[in-house]
Protein chains: 2
Amino acid sequence: MSDLAAIAVEVSPSERFREYLATQGKRLTSERAIIVDEVFASHEHFDAEQLVARLVQRTDKTRVSRSTIYRALAELEKAGLLRKVARTNDREIYEHDYGYPQHDHLICKKCGELTEFQNPELKEILQGVAAAYGFRMEGHRLEVSGICANCSRPPSRGHRKLDMI
Amino acid sequence: MSDLAAIAVEVSPSERFREYLATQGKRLTSERAIIVDEVFASHEHFDAEQLVARLVQRTDKTRVSRSTIYRALAELEKAGLLRKVARTNDREIYEHDYGYPQHDHLICKKCGELTEFQNPELKEILQGVAAAYGFRMEGHRLEVSGICANCSRPPSRGHRKLDMI
DNA sequence: ATGAGTGCAAAAAGTTTGCACCGCT
DNA sequence: AGCGGTGCAAACTTTTTGCACTCAT
């Protein structure tokens, strides 16, 4: 958290995106602007389908097609603004990768909730491992699966529903 | 490799599978037997497509359909004999989860190679994290992405086998 | 004008499922 | 007989792509 100051002076996601696109000879169109805006409107994890849903709610003059959304997500990923964190129900889950510290996730097998956590030792260990294999580490994806506190709580006889075959 | 002795005394994968199936009121059919056999014939990572390919090579009297293979993979996973380790080229990658120690992977972005590694500290850290969140950890999936030693070497002659694992 | 960008519909690709038939138990 | 199991083909899901048109520079 000590580098929040540095983060604070970063440019806005859409500005950052515009810069990236420029390096690729591309432009920040109104469709793309709407998408970045919506994507960074909340810090929640999301998948393409949810983003589509959020976008149709909007009352912008421009409506964006599904194709454009997928294409934009790919660009945002290349631009380093988004990253895929997991895959749930056959859908790729995205999260902001701009202005936020690196972290990993606890994924509840029951309710599907994603909880972020940070652990600096982790990165060190991975760097050590990578070095040992002459591997140039660029990133990682760690999902710890299990049952979240909420879901494992009340096993108080009879309240547990053991459905889900 | 140091605990091969311990592994040796465990029952065979197919026996283990039979036991699991029994608890589900199901049977180890000849098709399933062939599949488990082939799956455990080598310790390499594989995806459904590759397994199908290996199975058509076999000269068994029985031929198994793709559907049955997919259904068997799902059962093997539930039985705890297999687990999904990653997803490459839109395909789910499986590996043995029976008789082998827990480990994680380095995944090369260029050639797709999966390298296994083991690090005991990792589990400790994760247990600590989980405990802090009241999360009941059951497992984890860690993929370290980057460029493998082979691919980062000179451009002389890089790896090129995106389709094989 | 020129090339990037978009929407639409169709295509892909991997995996799942409905269904009729088969074969244990 | 009663079910679980299988093969086949059709269905599905998410994501990608071909194409013709539009638009900013």
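Letters A, B, ... mirror the listed sequences (proteins, then strands); counts begin at 1. As the structure is a computational prediction, the values presented were derived from the model and not from experiment.
- Look at CD on A/Glu31: it is 12 Å from C1' on C/dA4, rounded to the nearest Å.
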Kindly give the atom pairs (protein nitrogen or oxygen, nucleotide nitrogen or oxygen) under 3.5 Å for nucleotides 14-18 of chain D.
unit_1: D/dT14; atom_1: OP1; unit_2: A/Arg91; atom_2: NE; d: 2.9
unit_1: D/dT14; atom_1: OP1; unit_2: A/Arg91; atom_2: NH2; d: 2.8
unit_1: D/dT15; atom_1: OP1; unit_2: A/Glu92; atom_2: N; d: 3.2
unit_1: D/dT15; atom_1: OP2; unit_2: A/Tyr70; atom_2: OH; d: 2.5
unit_1: D/dT17; atom_1: O4; unit_2: A/Ser67; atom_2: OG; d: 3.3

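- Looking at heavy atoms from C-beta onward, B/Ile69 lies in side-chain contact with B/Leu55 at the 4.5 angstrom threshold.
- Summary for the helix from C/dA1-D/dT25 to C/dT25-D/dA1: the axes at its two ends, each from 5 pairs, differ by 20° when rounded to the nearest 10 degrees.
- One can place CZ of B/Arg27 at 6 Å from P of D/dG5, the figure rounded to the nearest angstrom.
- Closest to the side chain of A/Lys26, from the set D/dC8, C/dA4, D/dG4, is C/dA4.
- Within the 4.5 Å cutoff, no side-chain heavy atoms of B/Leu51 are placed close to those of B/Tyr70.
- Remark: A/Arg136 CZ to B/Leu106 CG distance equals 13.5 Å, nearest 0.5 Å.
- The CZ-P distance, from A/Arg18 to C/dG5, rounds to 13 Å in whole Å.
- A close approach under 4.0 Å does occur between a side-chain nitrogen or oxygen of A/Thr29 and OP1 or OP2 of C/dT6.
- Taking atom CG of residue B/Leu28 and atom C1' of nucleotide D/dG4, one finds them 13 Å apart after rounding to whole Å.
- Follow the hydrophobic side-chain contacts under 4.5 Å out from A/Val36 and you never reach A/Ile93; the two are in separate clusters.
- What separates CD of B/Gln50 from C1' of C/dG14 is a distance of 13 Å, to the nearest Å.
- In this structure, the side chains of A/Glu95 and A/Tyr100 stay at 4.5 Å or more apart for every pair of heavy atoms.
- No single ILVMFWY cluster, assembled from side-chain heavy atoms under 4.5 Å apart, contains both B/Ile107 and A/Ile125.
- In the set C/dG7, C/dG23, C/dG3, C/dG7 carries the atom at the smallest distance from any side-chain atom of A/Ser65.
- For the pair B/Arg32 and D/dT6, the criterion of a side-chain N or O lying under 4.0 Å from OP1 or OP2 is met.
- Taking NE2 of B/His105 as the reference point, atom CG of B/Leu114 lies at 5.0 Å (rounded to 0.5 Å).
- If you measure from atom NZ of A/Lys61 to atom C1' of D/dC23, you get 18 Å, rounded to the nearest angstrom.
- Both B/Met137 and B/Leu142 belong to a common hydrophobic cluster when Ile, Leu, Val, Met, Phe, Trp and Tyr are linked at side-chain heavy-atom distances under 4.5 angstrom.
- The CG-C1' distance, from A/Leu21 to D/dT25, rounds to 16 Å in whole Å.
- Ring geometry, A/Tyr94 versus A/Phe46: the interplanar angle falls under 30°, so the pair is classed parallel (tilted spans 30 to 60°).
- As rounded to whole Å, 15 Å separates atom C1' of C/dT15 from atom CD of B/Glu75.
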